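The block underneath contains the structure these notes are about, expressed in structure tokens.
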Amino acid sequence: MPIFAELAPTLLGVAVLALLATAVLAAYRVPHRWAPALAILRGAAQLAIISVVLAGVITDPIWVALALLVMFGVAAATATHRIGWSGEHALMMGTAMLTGVVVSFSVVFLTGAIEFSSRYALAIGGIVIGNSMSIATLSGRRFTEAVDDHWDEVEGWLALGATPRQSTLEQARGAVYSALIPSVDQTKTTGLVTLPGAFVGAIFGGVSPLEAGRFQVVVLAAIMAAGSITAVMVAAWLAPVRVRPARLR
């Protein structure tokens, strides 16, 4: 009972916010209006479970590695689902995201920008993997939508003798740029418009603002590097188009 009484205000606030989001979407007759509320419910349940699990494994390198592997698997599967599930798409998303994450991780820890430890690996890993998932999804969807919207232009280039990759090069480049916009804007406005979660969490954990800022800058740079690599690989992988892609839902 004491635990429930302590959590009651939080649960009430989250419930009201979820209902508010649903009510606004319902009033405007938006499809899948329950999606935000269900996402909040699922996220809360998953965070509750992972909080209990991580409390006992955060200092164990093996368990941290396993946790990162599970995170990556779920992220890659989610990104694949968003552009249409297939074996090729799963391989594409897994390869692109893994390359981006591994390269950025290597730079962060090999340069000594952040101390290599289980705690930091888990913290940075979760953030970078999550952002790479979003960027991979946006890159894939924006490319497919751009090719569909400009199919007459693509067909024209093919008719003139361009290769499938050459005929969609502009759409691929535009998809990469569009996929990176949220991360670029977040990075540019950090400290002016937003206070990122890693920064706020570090301060609440007792770290000095200067140290928290140093950690957050490294995280933002890792996100940009991993996201750029991931987006380019996804767009380049999809670029050789020979038939008009199906419209994504």
Side-chain angles (χ1 to χ4, degrees), residues 17-18 21 24-25 28 30-33 35-40 42-43 46-47 71-72 74-84 89 92-105 107-108 123-149 170-202 212-213 215-239 247-249:
L17 291 171
V24 171
L25 297 178
Y28 203 63
V30 176
H32 310 293
R33 63 199 62 168
L38 292 176
I40 293 172
R42 176 174 172 174
Q46 291 170 174
L47 280 174
M71 290 180 188
F72 181 84
V74 174
T78 301
T80 303
H81 173 72
R82 286 298 184 184
I83 65 168
H89 285 169
M92 174 189 68
M93 287 300 189
T95 302
M97 291 175 58
L98 182 63
T99 302
V101 171
V102 169
V103 170
S104 63
F105 258 45
V107 172
V108 167
I124 297 179
I127 296 171
V128 174
I129 290 172
N131 280 272
S132 295
M133 175 188 69
S134 299
I135 292 172
T137 298
L138 287 174
S139 181
R141 291 183 66 87
R142 296 288 168 81
F143 173 79
T144 302
E145 292 167 356
V147 171
D148 181 55
D149 290 340
E170 290 304 314
Q171 286 74 30
R173 289 170 174 167
V176 172
Y177 171 74
S178 296
L180 291 173
I181 286 177
S183 297
V184 170
D185 287 348
Q186 179 186 15
T187 302
K188 289 195 304 184
T189 59
T190 295
L192 296 177
V193 178
T194 62
L195 291 177
F199 176 80
V200 175
F215 178 75
Q216 183 61 58
V217 168
V218 174
V219 169
L220 291 174
I223 290 172
M224 294 304 306
S228 297
I229 294 170
T230 299
V232 168
M233 290 187 66
V234 169
W237 196 307
L238 291 173
R247 195 71 180 181
L248 296 173
R249 292 184 295 175

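Just so you know, these numbers come straight off a predicted model, no measurement behind them. These values consider heavy atoms only, across backbone and side chains, with no hydrogens, waters or symmetry-generated copies.
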Report summary line: Interatomic distance, CD1@I129 vs CD1@I223, rounded to 0.5 Å, equals 11.5 Å
Report summary line: For W237 and T95, the nearest pair of non-hydrogen atoms, with its separation, is CZ3-CB, 4.0 Å
Requested in this report: Kindly give the heavy-atom pair with the smallest separation between M233 and A96, and that separation in Å.
Outcome: CB-CB, 3.7 Å
Requested in this report: Kindly say whether V101 contributes a backbone atom to a donor-acceptor pair with the side chain of S104 at under 3.5 angstrom?
Outcome: yes
Query raised in the report: Got a second to check how far S139's OG is from M93's CE, nearest 0.5 Å?
Result: 7.5 Å
Requested in this report: Look only at the side chain of R141 and the backbone of R82, and say whether a donor-acceptor pair between them is shorter than 3.5 Å.
Outcome: yes
Query raised in the report: Between T78 and T137, is any pair of side-chain heavy atoms under 4.5 Å apart?
Result: no
Report task. Write down the atom of A79, the atom of A136, and the distance for their closest heavy-atom approach. Result -> CB-CB, 4.4 Å
Query raised in the report: Quick one: are V219 and Q216 in side-chain contact, heavy atoms under 4.5 Å?
Result: yes
Query - Between CG on residue L220 and OG1 on residue T187, distance to nearest 0.5 Å - result: 4.5 Å
Requested in this report: Could you grab the distance from atom CD1 of I181 to atom CD1 of I135, nearest 0.5 Å is fine?
Outcome: 11.5 Å
Report summary line: For H89 and G84 the tightest heavy-atom approach is ND1-O, 2.6 Å
Query raised in the report: Which heavy-atom pair separates A179 from R142 by the least distance, and what is that distance?
Result: N-NH1, 4.5 Å
Query raised in the report: Just wondering, do S178 and L138 contact through their side chains at under 4.5 Å, heavy atoms?
Result: no
Query - F72 side, atom CZ; L98 side, atom CG - distance, nearest 0.5 Å - result: 4.5 Å
Report summary line: Partner of F143 under side-chain contact (heavy atoms from CB on, under 4.5 Å), picked from L238, V176, I83, V234, is L238
Query raised in the report: Distance-only, no hydrogens or angles: does the N131 side chain make a donor-acceptor pair with backbone N or O of I127 under 3.5 Å?
Result: yes
Report summary line: Looking only at heavy atoms, the pair that brings A222 and V108 closest together is CB-CG2, 4.0 Å
